[in-house]
Amino acid sequence: MFQFKDVKFKDILDLPSLSIEKNQITTLVGQSGSGKTTILRLLNKMISPTEGKILFKDKQLDEMDSVTHRRQVTMLSQTPIIFDGNIRDNLLIGLKYQNRDIPNDTTLQDILRKVQLNKKLEDDAQKISGGEKQRLSLARVLLLDSPIYLLDEPSSSLDNNTEELLIKMITEYVKDNNKTLIMVTHSNEMANKYSDTIIKINKGRYIEEGI
Ligand SMILES: Nc1ncnc2c1ncn2[C@@H]1O[C@H](COP(=O)(O)OP(=O)(O)OP(=O)(O)O)[C@@H](O)[C@H]1O
């Protein structure tokens with residue numbers, strides 16, 4: 001699905017060849033600063049390679065227009081993003097931005113149940129805990145029903161159980177709905193437990209593929 005060909009990004013990444021497959025859970029592991037998040041940012045078209053090219057479904061990612069890309073690839077960032085307003089406003093903002101149909105409250109309540117967020121749609125989104133904000137962000141991106149999800153490691157403020165719950169939820173969703181997930185984690189344990197493929201990155205270079 002994604003193929004890296006002689007990709008370099010500044011002096012941070014040097015990836016002569018790397019493939020990421022469709023309908024799989026691929027996890028990038030490696031030490032802090034090894035370039036894992038930079039790979040996700042390349043796939044999300046937030047940055048472009050300084051050399052080489054990335055193919056997405058055999059077409060050059062750089063040449064793909066942002067609207068088409070945005071409908072296919074959704075990134076869940078390290079820090080949850082919560083907007084002013086209530087839980088409903090926060091769930092709908094991505095769909096509204098993309099001019100998509102607005103689901104009814106039953107669908108929204110179902111998604112809250114799926115991410116185990118026991119709150120009302122009218123509750124103030126700013127007044128929920130860090131772990132709840134992370135799950136609200138997850139619910140918002142799941143509503144986008146994107147074929148490909150990118151998940152950066154949840155912020156270190158989350159305890160291990162909350163982090164694992166989040167990974168469990170998104171990996172189950174991805175498997176149940178035949179989607180593709182590319183995620184980043186420091187934890188080899190989490191990678192082994194939830195991935196189809198593990199890609200190890202060391203100082204910007206791909207060193208090993210596992211599982
Ligand atoms: N746009 C940029 N320009 C210059 N340097 C950058 C840029 N983006 C990231 N870096 C640097 O590149 C290196 C790799 O960063 P990256 O965030 O990809 O690592 P990581 O493996 O995800 O780390 P962590 O596990 O700590 O999140 C870091 O040293 C970072 O400071």
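In listed order, ligands and their atoms are each counted from 1.
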Which donor-acceptor pairs under 3.5 Å do the side chains of residues 1-28 make with protein atoms, sequence neighbours left out?
| unit_1 | atom_1 | unit_2 | atom_2 | d |
| --- | --- | --- | --- | --- |
| D14 | OD2 | R205 | NH2 | 2.9 |
| Q24 | OE1 | T197 | OG1 | 2.8 |
| T27 | OG1 | S195 | OG | 2.5 |

Next item on the list: Examine distances only and state if a side-chain atom of N44 and a backbone atom of M46 form a donor-acceptor pair shorter than 3.5 Å.
Entry: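 Answer holds: no.
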Next item on the list: Return each pair, listed once, that meets side chain to side chain donor-acceptor pair (under 3.5 Å) where at least one residue sits in residues 174-184; pairs must be two or more places apart or across chains.
Entry: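 As it turns out, the side chain to side chain donor-acceptor pair (under 3.5 Å) pairs with a partner in residues 174-184, which skip direct neighbours, are D145-K179, K175-D196.
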Notebook entry, point to check: Does the side chain of P49 reach to within under 4.5 Å of the side chain of I54, using non-hydrogen atoms?
Noted result: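 Result yes, sub-4.5 Å side-chain heavy-atom pair found.
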Check: Does any non-hydrogen side-chain atom of K193 lie less than 4.5 Å from one of T171?
Finding: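 No, their side chains stay 4.5 Å or more apart.
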Which atom pairs, donor and acceptor, lie under 3.5 Å between side-chain atoms of residues 108-121 and protein residues at least two apart or in another chain?
| unit_1 | atom_1 | unit_2 | atom_2 | d |
| --- | --- | --- | --- | --- |
| D110 | OD1 | R113 | NH2 | 2.7 |

What are the distances between nitrogen or oxygen atoms of ligand 1 and protein nitrogen or oxygen atoms, counting only those under 3.5 Å?
| unit_1 | atom_1 | unit_2 | atom_2 | d |
| --- | --- | --- | --- | --- |
| ligand 1 | 3 (N) | K10 | NZ | 3.1 |
| ligand 1 | 18 (O) | T37 | N | 3.4 |
| ligand 1 | 18 (O) | T38 | N | 2.9 |
| ligand 1 | 18 (O) | T38 | OG1 | 2.5 |
| ligand 1 | 19 (O) | G35 | N | 3.3 |
| ligand 1 | 21 (O) | S34 | N | 3.1 |
| ligand 1 | 21 (O) | S34 | OG | 3.3 |
| ligand 1 | 21 (O) | G35 | N | 3.0 |
| ligand 1 | 21 (O) | K36 | N | 3.0 |
| ligand 1 | 21 (O) | K36 | NZ | 2.8 |
| ligand 1 | 22 (O) | T37 | N | 2.8 |
| ligand 1 | 22 (O) | T37 | OG1 | 2.7 |
| ligand 1 | 23 (O) | G33 | N | 2.8 |
| ligand 1 | 25 (O) | K36 | NZ | 2.8 |
| ligand 1 | 25 (O) | H186 | NE2 | 3.3 |
| ligand 1 | 26 (O) | S32 | OG | 2.6 |

